[in-house]
4 protein chains.
Amino acid sequence: MQVNRGPAADDEDRRERDRATFTNAARRAQIVDAAIETIADLGYAGASFARIADRAGLSSTRLISYHFAGKDDLTAEVLRMIQARFADVVRPKVAAQTTARGTLNAFLDANIEFLRTNRSHLVSMVEIARSASLVRRIAPADRGRTGADLAGLEQLLREGQRSGEFGEFDPAVLAVFVLSLRNAVVDAYARRPDLDLDAYARELRQLVNRATAGPATR
Amino acid sequence: MQVNRGPAADDEDRRERDRATFTNAARRAQIVDAAIETIADLGYAGASFARIADRAGLSSTRLISYHFAGKDDLTAEVLRMIQARFADVVRPKVAAQTTARGTLNAFLDANIEFLRTNRSHLVSMVEIARSASLVRRIAPADRGRTGADLAGLEQLLREGQRSGEFGEFDPAVLAVFVLSLRNAVVDAYARRPDLDLDAYARELRQLVNRATAGPATR
Amino acid sequence: MQVNRGPAADDEDRRERDRATFTNAARRAQIVDAAIETIADLGYAGASFARIADRAGLSSTRLISYHFAGKDDLTAEVLRMIQARFADVVRPKVAAQTTARGTLNAFLDANIEFLRTNRSHLVSMVEIARSASLVRRIAPADRGRTGADLAGLEQLLREGQRSGEFGEFDPAVLAVFVLSLRNAVVDAYARRPDLDLDAYARELRQLVNRATAGPATR
Amino acid sequence: MQVNRGPAADDEDRRERDRATFTNAARRAQIVDAAIETIADLGYAGASFARIADRAGLSSTRLISYHFAGKDDLTAEVLRMIQARFADVVRPKVAAQTTARGTLNAFLDANIEFLRTNRSHLVSMVEIARSASLVRRIAPADRGRTGADLAGLEQLLREGQRSGEFGEFDPAVLAVFVLSLRNAVVDAYARRPDLDLDAYARELRQLVNRATAGPATR
DNA sequence: TATGAATGAGCCTTCATTCAT
DNA sequence: AATGAATGAAGGCTCATTCAT
């Protein structure tokens with residue numbers, strides 16, 4: 001039941017009104033950003049409203065409840081925000097490609113670049129995705145959001161096979177694997193910010209390319 | 001004033017006294033097993049003492065606090081138990097191998113087998129490792145335990161390169177990647193127990209072998 | 001410093017200014033109506049500003065606070081509104097009667113009719129009266145309002161006795177009882193809108209007439 | 001989900017273990033009694049854990065959560081306790097009767113007596129029944145508990161009609177009315193402890209007897 | 001070896017209301 | 001005439017842990 005009634009009120013009018021007002025949007029963004037940092041730092045379970053409010057410099061957690069319908073709503077918004085920024089980086093790089101392999105490599109590179117410039121974003125995303133997989137409380141819509149990469153990747157792999165660029169493998173499984181490798185880099189970087197990201201990027205590229213290599217390439 | 005510490009009291013006398021008594025060990029094992037199941041089911045964050053006690057059929061969480069110094073201690077014991085059973089499966093398979101590639105494949109196969117027969121164990125292990133990576137509360141000693149596989153794997157990869165069986169790659173990074181792929185299989189299986197584990201096993205083997213392939217193989 | 005008090009500010013100028021402006025009155029009525037529905041639906045305790053605003057289609061509870069000095073003020077207005085509409089139905093019916101018994105039956109019938117046509121109004125009224133009896137937060141003036149029926153009824157019973165139409169009973173107590181029977185019908189109808197209201201009406205009439213029957217009648 | 005794990009743990013073993021230990025039972029009873037007083041005083045909505053703990057002289061509300069699975073559980077226990085004590089008073093009086101009218105009057109008298117000696121109990125019961133009717137959160141089992149009187153009363157009325165002791169009326173409806181009259185007495189007494197309970201008792205008896213009077217009686 | 005009893009801190013959410021345009 | 005923004009207090013509940021047998 002949806003009650004007292006910050007601007008988070010309804011799904012329909014939120015779009016219209018909420019985003020409209022400047023202060024409101026700014027506050028929301030401020031909270032979302034603080035949430036992203038906090039999740040990246042302490043994990044999803046550790047990111048309590050109190051901790052988020054703390055980081056955002058808010059006087060009370062009430063302000064979060066005011067701007068978001070609940071923790072799930074905040075999480076969904078966090079995911080939306082991350083995905084949007086992520087797409088800004090990834091999409092242009094990917095769109096510029098004509099071959100499946102080019103697209104695949106562009107995707108990997110874009111991930112690394114996004115990780116480098118927006119570390120907490122990608123760390124948060126991975127962390128949320130993980131928690132969401134066990135705790136089933138995320139809305140179907142946002143669950144889809146989490147899985148968007150996966151579906152797209154699988155399709156890309158399938159196309160590469162059809163065009164003869166890629167070799168033999170199970171596209172559904174390999175998509176899972178490729179994402180898990182991406183996540184491994186994110187994890188490692190989350191744990192040690194002084195990580196040699198370039199080395200990981202190189203190995204990631206090499207590994208994925210070997211995994212997808214066609215007969216000709218080998 | 002020093003009151004009721006339970007057998008978990010000190011690290012030194014624990015060894016001596018605890019292990020000695022039979023009932024005690026049985027209770028501990030019962031709790032650890034319940035913890036493993038609970039973690040596999042609800043995640044590390046979801047595995048509260050209450051939930052573990054529930055599954056173990058204990059009337060109060062007090063019994064857990066009695067047998068373990070705290071949640072970290074229980075977690076450490078869980079890890080120890082899993083690792084022990086894991087080693088029982090993996091070590092003989094690995095020991096029978098003479099080549100680096102043989103060892104690597106044996107390791108992968110053993111993992112899959114262990115996952116198939118002890119699903120909750122491996123799921124728990126991965127879950128704990130992940131949580132521990134963000135929340136830094138695990139004792140250094142046990143952190144090492146989590147990383148045992150990693151170190152061994154890296155060494156194996158390095159040896160394979162030295163012997164010429166394996167191609168070029170960064171052994172430290174690839175070790176991380178290989179484990180992350182293993183974990184991906186575990187994750188997928190945790191989410192959907194009806195998973196086609198064989199398909200994942202095949203792809204895992206293929207992927208890892210391609211990643212380590214030497215010039216001759218290619 | 002005196003800031004933004006809204007039209008509800010003082011008791012004196014409210015009358016003058018408020019009622020004057022048309023929009024204002026319309027808004028107030030809209031809120032009061034939403035409050036009535038909400039109370040009837042969720043009970044007095046469940047009728048939070050948020051829920052009322054929801055039903056009224058308001059974007060924030062602020063509008064309620066703006067038009068009413070507080071929850072008690074809104075409740076009082078709700079009561080006033082209900083009572084006014086109730087009087088519109090009851091008074092003419094009652095006024096047309098010449099005997100005490102006729103008046104009594106007309107009162108009962110009018111209650112049933114009002115319940116049938118304005119279910120939420122009577123349900124709300126009963127609900128508020130009940131809550132107000134335990135939680136003493138209603139202004140004395142409005143407490144009287146709740147008891148208006150009671151006093152009138154008692155007087156009617158007394159007159160019927162004096163005229164010889166009614167038998168022997170304690171008029172003060174019977175007034176309480178008659179209203180409680182009326183409330184029982186309201187309660188039952190509130191719980192099950194598919195109630196056979198006619199059956200209840202018949203029984204109510206019969207019961208009250210037997211209770212007040214004079215020696216001759218028996 | 002049922003977690004941490006006071007003695008309230010499961011429904012099955014609660015019976016066995018809980019009640020067994022003396023201290024535990026005493027605490028539970030203490031809390032239940034405080035809850036009864038609080039509900040009678042402030043209404044169901046006003047009876048927060050904090051207020052109950054206050055009245056019971058507990059240091060924190062946590063003790064309530066420890067002994068009861070939640071507010072619903074406490075409420076159910078309150079109902080159970082009241083009903084038990086109520087039955088102790090009513091049942092023997094009712095059982096001693098041979099006629100339907102005798103039973104009916106005994107029931108009414110017993111209610112008045114119980115109200116006189118255990119005011120807060122009956123007040124609480126009525127208050128809970130009311131809240132439960134609007135807020136649908138009470139377990140079906142306890143909902144039945146609330147309605148037990150009603151069903152029994154209806155049956156009694158029906159029997160009295162069959163035996164010719166009672167006149168014509170709708171037994172289901174009259175049962176509702178009779179209970180509502182009882183509740184009216186309770187309400188009145190709750191509001192004014194200095195009430196002339198005898199007068200109310202007399203009128204209640206008279207009213208109900210007139211309502212059920214057979215042709216011969218009239 | 002086991003437990004019953006209790007606890008302080010923290011969780012998210014909801015409450016009516018106020019400050020400032 | 002209306003709103004956007006914010007708030008302190010309280011709500012029930014769950015956490016791992018401790019005191020006392």
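If you're wondering where the values come from, they're calculated on a predicted model, not measured in any experiment. Below, chains carry the letters A, B, ... as their sequence lines are ordered, and counting in each starts from 1.
In this structure, the CZ atom of A:Phe22 is 17 Å from the P atom of E:dT21, given to the nearest Å. Whole-Å rounding puts the A:Ile64 CD1 to F:dG8 P distance at 14 Å. Taking atom CD1 of residue A:Ile31 and atom P of nucleotide F:dA6, one finds them 8 Å apart after rounding to whole Å. In this structure, CZ of B:Phe68 is placed 14 Å from C1' of E:dT1, rounded to the nearest angstrom. In this structure, C:Asp73 atom CG and E:dT17 atom C1' are separated by 14 Å, rounded to whole Å. Between A:Leu58 atom CG and F:dG8 atom P the separation is 12 Å, expressed in whole Å. Here F:dG12 presents its C1' atom at 19 Å from OH of D:Tyr66, a figure rounded to the nearest Å. Rounded to whole Å, the distance from NZ on C:Lys71 to P on E:dT14 is 15 Å.
A:Ser124 is linked by a side-chain hydrogen bond (donor to acceptor under 3.5 Å, both in side chains) to nothing, counting only residues two or more places apart in sequence or in another chain. With sequence neighbours left out, the side-chain contact (heavy atoms from CB on, under 4.5 Å) criterion links C:Ala34 to C:Ile52, C:Arg55, C:Ala56. For C:Ala29, the side-chain contact (heavy atoms from CB on, under 4.5 Å) partners are C:Met81, not counting sequence neighbours. Partners of D:Arg51 under the salt bridge (Lys or Arg N to Asp or Glu O under 4.0 Å) rule, at least two apart in sequence or in another chain, do not exist in this structure.
In this structure, CZ on B:Phe68 lies 9.5 Å from CG on B:Leu63, to the nearest 0.5 angstrom. Remark: A:Leu74 CG to A:Ile64 CD1 distance equals 6.5 Å, nearest 0.5 Å.
Applying the 4.0 Å criterion to OP1 and OP2 of E:dT1, one finds that B:His67 has every side-chain N and O outside that range. Contact check, C:Ser65 against E:dT17: no side-chain N or O comes under 4.0 Å of OP1 or OP2. For E:dT1, one of the phosphate oxygens OP1 or OP2 lies less than 4.0 angstrom from a side-chain nitrogen or oxygen of B:Asn24.
Here the side chain of C:Glu127 pairs a donor or acceptor atom with the backbone of C:Tyr44 at under 3.5 angstrom.
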Legend entry - Secondary-structure string, 5' to 3', Watson-Crick or G-U under 3.5 Å, | for another-strand partners, for DNA chain E: .||||||||||||||||||||
Tabulate atom names and distances for all N/O pairs under 3.5 angstrom spanning the protein and nucleotides 8-10 of chain E.
residue	atom	partner	partner atom	Å
E:dG8	O6	D:Arg62	NE	2.8

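Nearest-nucleotide positions on DNA chain E place B:Leu63 closer to the 5' end than the other of B:Leu63 and D:Arg27. Across the interface with DNA chain F, nearest-nucleotide mapping of A:Thr23 and B:Gly70 shows A:Thr23 to be the residue nearer the 5′ end. Closest-nucleotide positions on DNA chain F for B:Ala45 and D:Phe49 were compared, and the one nearer the 5' end corresponds to D:Phe49.
Electrostatic pairing of A:Glu77 and A:Arg80 counts as a salt bridge here, judged by a charged N lying under 4.0 Å from a carboxylate O.
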